[in-house]
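In this chain, numbering begins with 1 at the start of the sequence shown. Both ligands and their constituent atoms are indexed starting at 1 by order of listing.
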Amino acid sequence: MIPSVHRPTRAIINLQAIADNVRTIQQHIPRDTKTYAVVKADAYGHGAVKTAHFISRSVDAFAVSNLDEALELRQSGISNDILILGPIAPEDVDLAKESALTVTVSSQNWLELARSQGVDMQGLTVHVKVDSGMGRIGVRSAEEANTLLAELQKSGSRVEGIFTHFATADEADDSKLQQQLAFFKNLLERLDNRPNLIHASNSAASLWHGETIFNAVRLGIAIYGLNPSGTALPLPYPLKPALSLESALIQVKKVEKGADIGYGASYTASAEQYIGTVPIGYADGWTRDLQGFSLLVDGLECEIVGRISMDQLTIRLSEPYPLGTKVTLIGSDGDKEISATDVAHKRDTISYEILCLLSSRIPRLYLGL
Ligand SMILES: *Cc1c(COP(=O)(O)O)cnc(C)c1O
């Protein structure tokens with residue numbers, strides 16, 4: 001979808017905040033730790049190319065979810081290592097090699113498939129994924145890991161790393177995390193040949209569980225300034241949210257008592273009141289279940305009343321603000337702040353989802369660029 005730039009709705013990205021968050025976290029983990037900045041899903045909605053270029057000298061490497069995301073970064077001129085966290089199709093190994101991308105190999109079956117397709121693994125840089133209890137991708141035993149590592153080496157690939165991923169690093173109860181960590185450590189001890197890079201820590205593990213840090217970390221949500229746990233655990237040190245979302249009033253009207261607002265006439269004015277219309281809707285990722293949540297106008301919280309439409313929503317105002325008055329959906333105005341975590345709480349989800357769902361219709365404006 002083309003960004004709608006002739007509309008006052010925009011996401012404002014503070015790249016310096018991302019760089020500052022990277023540095024803050026690096027100051028709290030062992031100095032020789034390799035930092036992977038996770039910029040998958042367009043850097044959680046912040047713009048992968050812009051984000052990666054801004055922090056390329058502050059981090060060692062980038063991690064993305066799939067081959068296309070990696071190619072986008074490489075083609076934009078990023079020269080750092082780029083790790084693709086999910087398995088690629090074996091027939092795309094040549095593409096990965098041509099762009100010097102690092103791929104994840106997560107099962108013996110994948111290697112067998114590659115072999116049956118005659119894929120040339122020579123010179124491919126790989127990290128082996130271990131499923132220590134997440135249940136998604138990865139080898140599930142030291143035996144499988146040893147076989148896979150040996151066969152990868154035999155195939156001529158360069159096995160650079162081995163890694164795992166925690167399912168509950170963002171929770172107060174760390175019993176499952178400790179089980180996964182013990183499983184991974186035990187597996188590492190039983191390897192015939194240990195790859196150089198060993199990593200397990202996402203943002204949450206890096207913030208709250210230094211004991212999970214081997215010699216690299218994979219930082220996602222925290223570099224964008226959000227608490228990986230929502231509100232379950234306090235941040236060990238402050239981080240700055242990098243994204244704010246703004247729009248403006250495009251219509252303000254006085255409605256009479258009894259007036260219906262929006263699809264389904266789900267809201268009826270209980271008295272004479274002012275209603276403002278804001279050009280953002282569920283096609284922008286501002287989903288219908290945010291009805292009843294608030295936005296900031298002139299430093300005041302204003303409730304979203306009536307259904308959220310595809311392209312517009314309506315709010316109740318305390319006074320007839322002029323057209324063009326700024327509306328803050330994520331960010332601060334005066335001494336009030338609405339965070340992506342607050343939005344997530346209203347929707348019973350996580351801040352990650354709020355950020356990733358902000359659609360490409362919303363232009364991204366970069367502060368200081
Ligand atoms: C997305 C992802 C991360 C980053 O997670 P955050 O919680 O955002 O830090 C790290 N590792 C893997 C394997 C991932 O898929």
*Are any of the N or O atoms of A222 closer than 3.5 Å to those of ligand 1?*
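Min N/O separation from ligand 1 is not below 3.5 Å for A222.
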*Examine I221 against ligand 1 and note whether any of their N/O atoms are separated by less than 3.5 Å.*
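Between I221 and ligand 1, an N or O pair is found under 3.5 Å apart.
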*Under the side chain to side chain donor-acceptor pair (under 3.5 Å) rule, what do E337 and S332 come out as? Steps first, then yes or no, please.*
CA-CA 4 Å; E337 181 176 1; S332 49; 5.3 Å; no
*Determine which pairs satisfy salt bridge (charged side-chain N to carboxylate O under 4.0 Å, His left out) with at least one residue from residues 45-70, sequence neighbours left out, and list them in order.*
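Checked against salt bridge (charged side-chain N to carboxylate O under 4.0 Å, His left out) - neighbours excluded - no pair reaches residues 45-70.
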Using a strict 4.0 Å cut-off to heavy atoms of [X], name the atoms of ligand 1 that fall inside it.
{"X": "R136", "result": "15 (O)"}
{"X": "K40", "result": "1 (C), 2 (C), 3 (C), 14 (C), 15 (O)"}
{"X": "Y44", "result": "1 (C), 4 (C), 5 (O), 6 (P), 8 (O)"}

*Are side-chain heavy atoms of L358 and L245 found at a separation under 4.5 Å?*
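Yes - at least one pair of side-chain heavy atoms lies under 4.5 Å apart.
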*Given side chains that start at C-beta, do those of T102 and I82 come closer than 4.5 Å, heavy atoms only?*
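When only atoms from C-beta onward are counted, I82 and T102 do not touch, as no gap falls below 4.5 Å.
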Shortest protein heavy-atom distance from [atom], along with the residue and atom involved:
{"atom": "atom 10 (C) of ligand 1", "value": "R218 NE, 3.5 Å"}
{"atom": "atom 12 (C) of ligand 1", "value": "H165 CE1, 3.4 Å"}
{"atom": "atom 7 (O) of ligand 1", "value": "Y352 OH, 2.6 Å"}
{"atom": "atom 9 (O) of ligand 1", "value": "S203 OG, 2.5 Å"}

*Could you give the distance from CG (L295) to NZ (K326), rounded to the nearest 0.5 Å?*
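Here the rounded value is 13.0 Å.
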*NE2/H345: more than 12 non-hydrogen atoms of other groups inside 6.0 Å*: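 Check fails, neighbour count at 12 or below.
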*More than 12 foreign heavy atoms under 6.0 Å from OH of Y237: is that the case here?*
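More than 12 within 6.0 Å, yes.
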